**Student:** 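I have a structure I would like to understand better, so I am pasting it below and will then ask my questions one at a time.
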Amino acid sequence: MMTARRPCLARHKQLMGGRFRFRSESEALLDVVEAAYAGHAPHRFPQAGPELDVELRLLPRRMPAAGEPPAVRTRLDGGILCGIMDEHNYVLVSPQQRRAQVVASADMLDHPYHLRYELVEFAVFLLAARCQGLVPVHAACVGRDGRGLLLLGESGAGKSTLALHSLLRGLDFLSEDAVFVRPDGMLATGVANFLHVHADVLHGIGDDARRWIAGSPVIRRRSGVEKFEADLQRAPAGTRLAATPLQLVGTVILSRHTAGGSRAELAPVAREDVAACLVADQAYAMAQPGWHRFEQWALGSPAHRLQRGPHPGSSVDALQRLLG
């Protein structure tokens with residue numbers, strides 16, 4: 001059961017089609033919300049979005065101070081979706097009540113990445129998706145003039161790198177890792193707040209972008225992989241975040257293989273190959289309401305496989321050709 005506390009402080013954010021109210025007695029926790037969502041484009045769908053409530057509770061610091069937080073375990077308990085690190089750090093989400101509760105000990109303020117990504121965004125993503133019937137797709141998405149391309153591929157295929165270079169070349173950036181699709185109309189939304197990239201991207205970008213990325217904090221994934229976490233609100237001048245949900249017009253499956261010529265190569269993908277990619281990469285999304293309509297769109301819309309060229313810019317050129 002969620003408690004009925006009434007925190008006195010609040011922040012309001014329009015995110016992923018929903019109207020979120022974040023409530024807390026802790027300024028520190030609301031600062032985490034601001035760090036995550038301040039300046040984010042107020043994505044709205046044609047119909048008015050639901051009002052969603054997130055309560056954040058801060059518990060006292062534990063002694064002695066803990067190391068890296070334990071991984072989140074998920075479970076369903078009487079209609080409540082739970083994400084649990086331990087008895088001091090957890091999330092409870094009730095889609096039926098359109099509300100969530102995030103509980104964190106003060107220790108978690110020393111781990112802002114885990115606090116934001118694994119607790120706060122857990123609540124935000126689940127509420128937005130379950131209360132609006134959005135399909136959560138493991139993908140990146142970039143676009144132009146309101147039209148978007150889904151970038152699919154297994155972890156390590158280069159989605160974040162291609163999304164970065166697309167951003168730096170003037171395409172609209174929607175998301176690098178999690179895209180939420182409204183099956184009715186195939187509009188895609190997401191949270192364009194941070195970009196996570198390996199250090200090797202520093203060799204193929206301009207001076208302003210290099211300073212931006214290199215000056216960003218380094219986070220450590222649960223897998224042990226370390227990446228820069230670049231704040232997209234501090235991206236170089238001329239870059240653009242998607243101001244509205246994007247109308248999906250096709251999918252691009254990223255290949256680990258490099259094209260043999262001087263530029264990236266696009267090739268149409270057969271329907272059965274798209275289906276195999278979805279099965280391999282979208283296990284979570286496949287279990288969600290709305291998946292069938294999304295799958296039918298993906299199997300019936302233009303799909304291409306992209307083999308990268310010697311420079312990432314040639315891959316962006318290929319995406320621009322698809323966007324027209």
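Counting begins at 1 with the first residue of the sequence. Here the structure is a predicted model, which means the values were calculated and not measured.
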**Student:** Could you go through the salt bridge (Lys or Arg N to Asp or Glu O under 4.0 Å) check for Arg99 and Glu51 one step at a time?
**Tutor:** CA-CA 9 Å; Arg99 59 187 293 246; Glu51 294 186 359; over 6 Å; no
**Student:** Decide yes or no on side-chain contact (heavy atoms from CB on, under 4.5 Å) for Leu162 and Leu306, but give the supporting numbers first.
**Tutor:** CA-CA 11 Å; Leu162 181 52; Leu306 176 65; 3.8 Å; yes
**Student:** Is the shortest side-chain N to carboxylate O distance from Asp184 to Arg293 below 4.0 Å?
**Tutor:** no
**Student:** Check this for me, if you would: do Arg220 and Glu229 make a salt bridge, where the nitrogen-to-carboxylate-oxygen distance has to be below 4.0 angstrom?
**Tutor:** no
**Student:** If you measure from CG on Asp273 to CZ on Arg305, what distance do you get to the nearest 0.5 Å?
**Tutor:** 6.0 Å
**Student:** Where does the angle between the aromatic ring planes of Phe22 and Phe20 fall among parallel (under 30°), tilted (30 to 60°) and perpendicular (over 60°)?
**Tutor:** parallel
**Student:** Measure from the side-chain N and O atoms of Gln288 to the backbone N and O of Pro136, and report whether any donor-acceptor pair falls under 3.5 Å.
**Tutor:** no
**Student:** Working to the nearest 0.5 angstrom, can you tell me the gap between Leu254 CG and Leu152 CG?
**Tutor:** 7.5 Å
**Student:** Given Asp53, which of Arg23, Arg19, Arg98 fulfils the side-chain hydrogen bond (donor to acceptor under 3.5 Å, both in side chains) condition?
**Tutor:** Arg23
**Student:** Would you mind checking if Asp86 and Arg62 are paired as a salt bridge, meaning a charged N to carboxylate O distance below 4.0 Å?
**Tutor:** yes
**Student:** Using side chain to side chain donor-acceptor pair (under 3.5 Å), reason through Arg221 and Tyr113 one step at a time and then give a plain yes or no.
**Tutor:** CA-CA 9 Å; Arg221 297 280 202 191; Tyr113 166 73; 2.8 Å; yes
**Student:** May I ask you to decide whether Arg116 forms a salt bridge with Glu121, counting only side-chain N to carboxylate O separations under 4.0 Å?
**Tutor:** yes
